[in-house]
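Written out below as structure tokens is the structure these notes cover.
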2 protein chains.
Amino acid sequence: MNVMNDSPRRKELTRLAAQLFVQEGFDRTTVRMLAQEMGIKSGSLFHHFRDKQEILAAVIEEGTENALGLARAALDQCDRNPEARLHAMARAHLETLLTDRNAHVVALYEWRRLDPEARSHLSHLRDAYEALWEEVIDEALAVGLIQGDRFLVSRFVMGALNWTVRWYDPLGERSPEDLARELIAMITRPA
Amino acid sequence: MNVMNDSPRRKELTRLAAQLFVQEGFDRTTVRMLAQEMGIKSGSLFHHFRDKQEILAAVIEEGTENALGLARAALDQCDRNPEARLHAMARAHLETLLTDRNAHVVALYEWRRLDPEARSHLSHLRDAYEALWEEVIDEALAVGLIQGDRFLVSRFVMGALNWTVRWYDPLGERSPEDLARELIAMITRPA
DNA sequence: CGTTTACACTAGCGCTTGCTTGGTTGACCC
DNA sequence: GGGTCAACCAAGCAAGCGCTAGTGTAAACG
């Protein structure tokens, strides 16, 4: 119960936990199931994490930080015009479903199981991510690429995107590129 | 353990269960909590429902049937043109959040907790609802009101709509009418 | 060399869970 | 006015839960 750092071992355990949380749900995943999946006994688990809650927080933190990093990188590398920026954000979002799908599903479905302190810490991360979106949506609104209420448009877009975890198959025919293009086409007016 | 009908008492218990499932989540809602909320003892609960799973199924069934009925009624009463039909569907969807919000939240968040047989029964209901949507979206595509891939467009729209349960406040300023208009405006091309 | 550190183990405590059992109550029915 | 039946209760069982305490061990350190 001494460690709170981010050792490589802990990272790996977090990845395994994410998978189980998706399969079974947080509440139905017991510490014994987690331990077995990790190849250790249940007692040993509490050497790496203070309690079960902390495992959940670690999973969500990991996923959100990756998504945020990827989105920032995508914005840095793309053209400066609003349409390219919208496209880059959508593509980055869908690409994280390839690498961090489990963590994202957990973040969406098990958010309410976080205790208050973990939630407030993580909501800052999530707000930062959504702020990126609102920024590029604002730019698109400013030049008339999109029309409508700022608040509503961003909610609708976040909804369409977050919903993709329920049906998108990263191994299927459609690439993140395709989906991003289609989504942007749907919500933008022809120039 | 004798009853499986839909007595008025059972309807009321189902409504209360929906509320608790939203507050606490299905797994964290104990049969004792349910019983207390209903003003009976935990043992008596199993006179009305075979087991805890059946309560969950009842909640989701009730909500989905209502949504389906409301959507059909809305389609019957509106104009025959594609835009009016899209609008009617969106408005009906948002209006169910006024009357059946709890059941809808449960259906979205706790779907995976259903056992296989309940799931297959309820997925028919849900498919019927989504089929209504795909129908009106097809009509809109046919006349060029919307453009894009049939499959992707309907997923994006379902996502934007289902996501509303996370942020929409039915008691706030915006009416279902407003939201529906804004959503349709976002995805349709000017004629 | 002795000490510390990281990681794992065994064993189990105290509590809660979904559900069962066996029985009581009061309204209705012929 | 005996029978039926939905509705409820008290009591508790077997299983499983998160987590703790105390110990072992092998590598790393000064």
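First the proteins, then the strands, lettered A, B, ... as listed; each starts at 1.
Geometrically, Arg113(A) does not engage Phe21(A) in a cation-pi contact defined by less than 6.0 Å to the ring centre and at most 45° from the axis. A cation-pi contact links Arg126(B) to Trp111(B), judged by a cut-off of 6.0 Å to the six-membered ring centre and 45° from its axis.
Contact check, Ser44(B) against dC9(D): a side-chain N or O comes under 4.0 Å of OP1 or OP2. Residue Arg10(A) places no side-chain N or O under 4.0 Å from the OP1 or OP2 atom of dC7(C). Residue His47(A) places at least one side-chain N or O closer than 4.0 Å to OP1 or OP2 of dC7(C). Side-chain N/O atoms of His48(B) include one lying less than 4.0 angstrom from OP1 or OP2 on dC8(D).
Here dC19(C) presents its C1' atom at 13 Å from CD of Gln53(B), a figure rounded to the nearest Å. Straight-line distance from the CZ atom of Phe49(B) to the C1' atom of dA7(D): 13 Å, rounded to whole Å. When the P atom of dG18(C) is taken as reference, atom CZ of Phe46(B) falls 8 Å away, rounded to whole Å. Leu56(A) has its CG atom 15 Å from the C1' atom of dG18(D), to the nearest Å. Across the protein-nucleic acid pair, Glu54(B) atom CD and dC19(C) atom P stand 11 Å apart, rounded to whole Å.
Comparing Gly39(B) and Lys52(A) along DNA chain D, the residue whose closest nucleotide (by nearest heavy atom) sits nearer the 5' end is Gly39(B).
Looking at residues 20-36 of chain A, you'll see Thr29(A), Thr30(A), Val31(A), Arg32(A) sit with a heavy atom under 4.0 Å from some atom of DNA chain D.
Of the options Val105(A), Thr96(A), Leu94(A), a side-chain contact (heavy atoms from CB on, under 4.5 Å) to Val165(A) is made by Val105(A) and by none of the others.
Ion pairing of Arg9(B) with Glu12(B) is absent here, as no side-chain N (NZ or NE/NH1/NH2) approaches a carboxylate O to less than 4.0 Å.
Among the atoms of the strands shown, only primed sugar atoms or phosphate atoms (P, OP1, OP2) are found under 4.0 Å from some heavy atom of Lys41(B).
Contacts classified as salt bridge (Lys or Arg N to Asp or Glu O under 4.0 Å) and involving residues 64-83 of chain A (residues at least two apart or in different chains) are not found. For the ring-ring contact (aromatic ring centres under 6.0 Å, His included) condition, the pairs that include at least one residue of residues 138-160 of chain B, sequence neighbours left out, are Trp167(A)-Phe151(B).
Between His104(B) and His93(B), the two ring planes are tilted [angle within 30° to 60°].
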